[in-house]
Amino acid sequence: MGNIKLMQGNEACAEGALAAGVRFFGGYPITPSTEIAESMAVMLPKVGGTFIQMEDEIAGIAVVLGASLAGKKVLTATSGPGFSLKQELIGYAAIAEIPLVIANVQRLGPSTGQPTSPAQGDVMQARWGTHGDHPMIALSPWTVKESFEVAVKAVNYAERFRTPVIILLDEIVGHLREKVELPDAKDIEIYPRRRPDCSREQGYEPYRPAADLVPNVADFGTGNRIHVTGLVHDETGFPSGSPKVTEESIRRLHQKIEIVQDEITHYDEFFMEDAEYAVVSYGGTARTAYAAVLEARNKGIKVGMVRLMTIWPFADKIVKKVANQVKAILVPELNYGQLVNEVERAAGGKAKVKLLAKYNTEIFTPNEICTAIEDLTAEVAD
Amino acid sequence: MRSYDKYFRENRLPHMWCPGCGNGIVMKAIVQAIEAKNLDQDKTVIVSGIGCSSRASGYMNFDTLHTAHGRAIPFATGIKLANPELNVIVITGDGDCTAIGGNHFIHGARRNVDLTVILFNNNIYGMTGGQASPLTPLGKKATTAPYGSVDRPFDPCHLAEAAGATYVARSTAYHVKHLSDMIFQGMGNKGFSFIEAITQCPIAYGRKNKLGDAPEMLKWMSETAVMKAAYDKLPEEKREGKFPIGVFYNSEFTEYTTAYQKVIDLAGGAR
Ligand SMILES: Cc1ncc(C[n+]2csc(CCOP(=O)(O)OP(=O)(O)O)c2C)c(N)n1
């Protein structure tokens with residue numbers, strides 16, 4: 001039996017990161033993410049770790065990238081405006097292959113927007129916010145307990161794939177308090193920092209990919225004298241202007257994630273066995289969607305639900321399967337329509353895909369989503 | 001073979017700098033300070049930003065990190081805090097350090113993290129072809145100041161001192177031995193050490209401002225730089241057109257990782 005606590009999604013995120021081995025946090029305060037930083041400020045020194053409040057979000061991500069290269073597992077956390085500032089170095093982490101976890105507790109934008117109001121408007125920024133081609137892993141929890149679990153997964157994925165991983169929280173889950181039973185430390189699987197497989201004398205090259213396409217980049221201070229750069233580089237880590245090297249390295253960055261896509265695609269299915277309609281939902285909104293689906297079932301509508309934890313890479317296969325089964329899919333989102341376009345792409349015309357958008361600071365009510373389900377059944381019947 | 005050759009990655013040379021560029025001189029002054037200080041080559045990390053000067057990290061035989069434009073100091077801060085036993089040296093340009101990285105620079109100094117920051121001041125954005133920087137002197141020309149700069153420049157040494165750096169010094173590419181000594185002393189300071197190294201960019205700055213070729217620019221340094229002690233004694237009118245070099249400031253203040261270790265002790269954690 002683990003230990004039972006009443007806690008907030010943001011606190012659970014911090015606890016999860018700590019349990020997964022994070023020993024360094026750098027960041028800049030911003031609502032509704034600040035509790036993550038505040039929790040880390042209290043907890044990290046207790047385990048010999050380091051917390052530092054930086055001068056801005058760019059410095060917040062830079063400082064954790066430095067710490068990651070020096071051997072620590074790291075986390076930074078932010079919200080909308082700060083997430084925009086972090087984009088520059090998310091790309092750096094992607095190309096230099098530095099393990100990094102960024103928690104982004106979404107709030108309503110653009111810009112300062114509605115500072116403490118819930119929204120899910122950073123779905124596309126999470127995928128494409130930094131410039132250039134890069135893979136992305138983003139995970140979105142829908143309960144406080146899962147906020148802990150997602151943090152553990154995010155840290156493990158960042159370490160295993162040496163890539164930035166985004167925890168895409170929203171204000172709903174971030175500020176929600178629930179009873180959670182935290183697992184015992186011994187029951188938490190931890191992916192250790194990757195280590196070089198041979199010595200400098202044996203011809204170690206820091207960016208030579210291992211069998212899983214991920215390089216075993218040495219930590220600084222371990223006698224390997226490596227070079228790390230944001231320039232395109234070859235397996236030695238030094239810059240290369242070669243078109244061939246450029247193409248191969250950009251391709252490998254993508255492929256190291258593509259080959260594990262099924263394994264890292266996490267989702268739940270509810271009432272899908274006999275479903276003729278489906279709701280595809282994620283994050284805090286999925287909680288309301290679940291209640292709405294129950295309500296619609298009570299009214300005799302054969303509706304099921306797919307709840308996505310893995311937002312990026314997008315769950316193409318799952319959505320395709322659903323589209324082949326149902327007549328129509330409803331996508332409720334607290335934005336003007338973002339993930340719905342991915343659902344539509346993956347559905348490939350096999351099912352009607354409909355957006356239910358909300359962007360007025362309020363969360364959905366179960367009734368709203370249930371009515372949208374009913375309307376959808378009527379539309380399809382027409 | 002010279003005693004400091006081991007500090008260079010010979011297979012990465014020759015460097016990419018233009019003929020006459022002073023960056024190589026400053027880079028050599030750094031490794032000579034490292035040699036004199038006898039820093040453990042496997043426990044020393046060189047961190048740089050983006051610019052011509054920041055390419056130096058790639059030529060130096062240590063763990064080296066070529067970061068993003070302006071961000072070297074916060075990356076270096078993370079390395080030092082994560083592993084305080086490492087010696088962390090930052091190489092940055094005038095634009096890198098005082099424009100895009102200006103905020104990081106003053107906050108690094110404020111925290112007094114144990115870093116040795118060497119600013120290669122060529123008064124211009126070299127890498128991008130000669131645009132004005134916050135250290136381009138008034139009236140001097142740049143591609144983005146074709147009629148002469150009207151933007152008042154910083155004195156980065158004053159800035160570092162005011163922001164809390166505990167060691168501040170300046171030298172030039174002409175005064176190689178002195179420069180290396182300034183860096184050496186900075187490495188001995190436990191805290192944020194800042195060394196401004198004036199260096200020549202004959203191609204993107206000198207040519208535009210009719211300052212002559214590299215030897216002439218170096219000659220200008222030898223004629224206008226005055227040792228601080230002598231400069232301080234000069235009457236105001238004699239200071240015109242001159243600038244001081246030497247150690248400007250050196251003080252004691254708790255270094256950041258030491259201060260944070262106290263936080264860890266208070267919280268009951270063990271490093
Ligand atoms: C975010 C960002 N903005 C602009 C640039 C383009 N850029 C590269 S180097 C540089 C200026 C370099 O000047 P300085 O720091 O003085 O170094 P130098 O090349 O003179 O050594 C600029 C503007 C960049 N790489 N990144």
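Proteins come first, then strands; the chains are lettered A, B, ... in the order of their sequence lines, and each starts at number 1.
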Whether B:Asn83 side chain and A:Ala70 backbone form a donor-acceptor pair below 3.5 Å: no
Short side-chain to backbone donor-acceptor contact, B:Lys43 and A:Gly221, under 3.5 Å: yes
Steps toward side-chain contact (heavy atoms from CB on, under 4.5 Å) verdict (A:Leu65, B:Arg71): CA-CA 11 Å; A:Leu65 286 174; B:Arg71 318 297 176 211; over 6 Å; no
Provide the closest heavy-atom pair for [X] versus [Y] in the form atom of the first, atom of the second, distance.
X	Y	result
A:Pro239	B:Arg12	O-NH2, 4.1 Å
A:Asn224	B:Asp63	C-OD1, 4.1 Å
A:His227	B:Gly58	CE1-CA, 3.6 Å

Between [X] and chain B, with a heavy-atom cut-off of 4.5 Å, which part of the residue counts as in contact: side chain, backbone, both or neither?
X	answer
A:Ile61	neither
A:Ile226	both
A:Phe220	both
A:Thr222	backbone

Interface moiety of [X] toward chain A, non-hydrogen atoms closer than 4.5 Å:
X	result
B:Arg110	neither
B:Val45	side chain
B:Leu86	side chain
B:Glu85	neither
B:Thr44	neither

When B:Asn103, B:Ile46, B:Thr77 are compared by non-hydrogen pairs under 4.5 Å with chain A, the top option: B:Asn103
Parallel, tilted or perpendicular: ring planes of B:Phe75 versus A:Tyr92, cut at 30 and 60 degrees: perpendicular
B:Asp42 vs A:Arg225, side-chain contact (heavy atoms from CB on, under 4.5 Å): CA-CA, chis, key distance, verdict: CA-CA 7 Å; B:Asp42 288 332; A:Arg225 297 188 201 160; 2.7 Å; yes
Within 6.0 angstrom of [X] [atom1], more than 12 heavy atoms from elsewhere:
X	atom1	answer
B:Tyr167	OH	yes
A:Tyr204	OH	yes
B:His158	NE2	no

[options]: which one forms the most heavy-atom pairs within less than 4.5 Å of chain B?
options	answer
A:Arg23, A:Lys46, A:Glu55	A:Glu55
A:Asp219, A:Val42, A:Ile52	A:Ile52
A:Ala96, A:Gly66, A:Pro206	A:Gly66
A:Ile58, A:Leu44, A:Val64	A:Ile58

Note, B:Arg55 side chain near A:Leu231 side chain (heavy atom, < 4.5 Å): yes
Criterion side-chain contact (heavy atoms from CB on, under 4.5 Å) on A:Met54 and B:Arg111, from CA distance to verdict: CA-CA 10 Å; A:Met54 295 301 283; B:Arg111 293 187 188 99; 3.6 Å; yes
